[in-house]
Amino acid sequence: MPEHSRDGKLRVLTVGPDIKGQGGISSVLQAYARCFADFSYAATNSRHGSLGGALVLGGLLLKLPFYRLAGYKAIHAHGASRKSFTRKRIVLGWARILGFRTIFHCHGGGFRTFTAEVGRDSMQRFLDKYDAIGVLSEGWAEFFRDELKCRNVAVLPNIVEDSGVRSATPHKDEPMRLIFLGKVCREKGCFDLLEALASRRDDFGGKVEVLVGGTGETEAFEARAKELGVSDMIKMLGWVGPEKKASLIAEGGVMILPSYIEGMPISLLEAGVAGMPSIATRVGAVDELIEDGANGILLEAGDTAALADAIASYLESPELRVAHGAEARKRITGHLPEAVHRALDNLYESIR
């Protein structure tokens with residue numbers, strides 16, 4: 001069977017989490033599916049629980065020989081740490097036996113910590129078996145090249161589509177909207193945000209509205225907001241789908257992500273392409289997306305005083321929000337589909 005598509009490109013099967021899931025990797029894969037005509041995908045787990053995930057994984061292992069016979073030559077596995085990494089190791093290990101080229105694409109913001117848990121030597125042995133490693137940023141590329149001694153490391157930035165939605169210009173007489181999109185948990189800095197709001201209760205009350213889109217520790221979050229006396233600033237939205245997300249961004253505001261651990265957050269990319277500024281922490285690849293004082297405000301994770309100052313800066317100056325939003329829009333080109341597709345093509349060409 002042919003190992004290349006009709007246009008001569010390497011035939012690649014992409015594998016990863018349930019593409020209909022709610023996580024960041026699933027969002028990236030959904031965009032790939034919408035944007036790339038040559039995208040072929042198979043899941044390694046299920047959003048319906050462990051048993052369903054085991055059945056999906058087993059089914060994929062059974063199907064891989066047939067993909068090989070059908071002309072697919074490479075497996076591109078999107079994953080992160082722990083269970084996600086284990087699933088990808090299983091798939092890529094079997095794929096190598098079948099003669100596939102193999103790519104591990106790391107999205108995990110906690111991969112340094114995971115490497116320390118596994119042991120650097122063990123991680124090097126795992127990764128050395130693959131033909132290429134995909135990472136989200138130059139900073140991560142340095143880690144994989146210099147510390148894990150990986151030979152073929154490619155920067156594959158996360159993708160964002162330009163739907164034409166633009167964030168509304170702030171109005172001085174309306175409350176400033178802070179938009180949080182993601183899992184509601186301590187690792188994402190949600191509880192730090194409550195502390196920051198409480199520290200300036202008199203300044204922010206009636207002037208700041210926080211829209212929280214996500215699931216997770218929502219009951220604990222709401223209880224803490226009530227305890228701190230900032231419940232009136234918080235509006236819980238639950239999980240936010242694509243249409244609702246576009247509507248939220250179009251209505252304007254500031255994206256906020258005071259997280260302790262990240263890869264390359266999709267919410268910051270979506271804010272940038274719409275011309276919305278962001279407040280975020282210097283974790284993962286965030287500082288390669290946001291330049292402090294240019295297209296957003298950066299701070300250290302856990303610094304609630306700096307978080308409160310950042311909110312106050314944008315509250316006091318709608319003009320600053322507009323300027324940072326315009327700059328955010330200018331800097332997003334490397335994450336648009338055309339640029340990401342070129343990066344993928346270059347990677348695939350390197351392993352032919």
Side-chain angles (χ1 to χ4, degrees), residues 12 14-17 19 23-36 38-39 41 74 76-81 84 88 103-112 130 132-146 148 150 152-163 181-182 242 245 249 255 257 259 261-278 280-292 294-296 298 327-351:
V12 179
T14 301
V15 303
I19 201 167
I25 301 178
S26 294
S27 295
V28 169
L29 296 171
Q30 289 164 14
Y32 279 15
R34 289 190 296 267
C35 297
F36 304 148
D38 54 355
F39 180 73
Y41 184 75
H76 183 164
H78 292 249
S81 304
S84 174
K88 306 316 176 298
I103 303 165
F104 174 64
H105 189 153
C106 183
H107 292 257
F111 205 79
R112 287 178 183 270
Y130 307 140
I133 304 295
V135 296
L136 301 179
S137 69
E138 288 295 340
W140 278 113
E142 290 177 7
F143 171 71
F144 278 86
R145 289 188 191 115
D146 299 344
L148 297 180
C150 296
N152 185 10
V153 181
V155 176
L156 301 171
N158 274 347
I159 187 172
V160 65
E161 299 166 82
D162 187 355
S163 64
L181 299 174
K245 185 188 299 184
I249 292 173
M255 193 66 70
L257 187 64
S259 186
I261 183 168
E262 287 294 339
M264 180 173 284
I266 298 298
S267 62
L268 301 186
L269 293 173
E270 291 171 329
V273 79
M276 174 183 285
S278 297
T281 44
R282 292 183 178 89
V283 294
V286 170
D287 62 359
E288 296 188 31
L289 292 176
I290 307 297
E291 180 183 350
D292 185 40
N295 60 338
L298 285 180
E327 185 63 24
R329 168 70 186 157
K330 292 178 183 177
R331 295 184 180 213
I332 209 69
T333 54
H335 300 274
L336 295 175
E338 296 83 0
V340 175
H341 200 275
R342 283 195 299 272
L344 289 169
D345 280 348
N346 290 337
L347 172 61
Y348 298 156
E349 185 65 25
S350 76
I351 64 169

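By the 30° and 60° cut-offs, the orientation of the rings of F104 relative to F111 is tilted. Between W140 and F144, the angle of the ring planes lies from 30° to 60°, which puts this pair in the tilted group.
Evaluation of the salt bridge (Lys or Arg N to Asp or Glu O under 4.0 Å) rule for D287 yields no partner, not counting sequence neighbours. Scored by the salt bridge (Lys or Arg N to Asp or Glu O under 4.0 Å) test, R112 finds E147 as partners (sequence neighbours excluded).
Between T333 and A339 the shortest heavy-atom distance is O-CB, 3.7 Å. The two residues L29 and P17 come nearest to each other via the heavy atoms CD1-CD, 4.0 Å. When all heavy atoms of L257 and S267 are compared, the closest pair comes out as CD2-OG, 4.2 Å. Taking all atoms of both residues into account, the shortest heavy-atom contact from I249 to A274 is CG2-CB, 3.3 Å. Taking each heavy atom of I290 and S278 in turn, the nearest pair found is CD1-CB, 4.0 Å. Summarising the geometry of A33 relative to I19, their closest heavy-atom pair is CB-CD1, 4.3 Å, with the distance given to 0.1 Å.
Counting only heavy atoms from C-beta outward, the side chains of V273 and L269 never approach each other to under 4.5 Å. By the 4.5 Å heavy-atom criterion applied to side chains, F36 and L344 are counted as neighbours. Residues D345 and H341 meet the side-chain proximity criterion, which asks for heavy atoms closer than 4.5 Å. Between H105 and I25, every side-chain heavy-atom pair lies at or beyond the 4.5 Å cut-off. Side-chain contact between D292 and R282 is present, with at least one heavy-atom pair separated by less than 4.5 Å. Considering only heavy atoms from C-beta on, E291 stays 4.5 Å or farther from E327 through its side chain. Put simply, the side chain of K88 does not reach to within 4.5 Å of the side chain of Y130, judged on heavy atoms.
Taking NE2 of H335 as the start and CG of L289 as the end, the distance is 5.0 Å to the nearest 0.5 Å. With values rounded to the nearest 0.5 angstrom, S81 atom OG is found 7.0 Å from I261 atom CD1. The NZ atom of K245 sits 11.0 Å away from the OG atom of S163 when rounded to the nearest 0.5 Å.
Checking side-chain atoms of T281 against main-chain N and O of S259 turns up a donor-acceptor pair under 3.5 Å. Without hydrogens or angle criteria, E288 side chain to G139 main chain gives a donor-acceptor distance under 3.5 Å. E262 places no side-chain N or O within 3.5 Å of a backbone atom of A285 that could act as its donor or acceptor partner. Under the 3.5 Å distance criterion, the side-chain polar atoms of R145 are left unmatched by any main-chain donor or acceptor of C150.
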What do the steps show when you test H78 against Y32 for ring pair (Phe, Tyr, Trp, His ring centres under 6.0 Å), and what is the final call? CA-CA 12 Å; H78 292 249; Y32 279 15; 5.7 Å; yes
Residues 152-161 side chain polar contacts: donor-acceptor under 3.5 Å, at least two apart:
{"from": "N152", "atom 1": "ND2", "to": "D131", "atom 2": "O", "distance (Å)": "3.3"}
{"from": "N152", "atom 1": "ND2", "to": "S350", "atom 2": "OG", "distance (Å)": "3.2"}
{"from": "N158", "atom 1": "ND2", "to": "M264", "atom 2": "O", "distance (Å)": "2.8"}
{"from": "E161", "atom 1": "OE1", "to": "R34", "atom 2": "NE", "distance (Å)": "3.3"}
{"from": "E161", "atom 1": "OE2", "to": "R34", "atom 2": "NE", "distance (Å)": "2.9"}
{"from": "E161", "atom 1": "OE2", "to": "R34", "atom 2": "NH2", "distance (Å)": "2.5"}

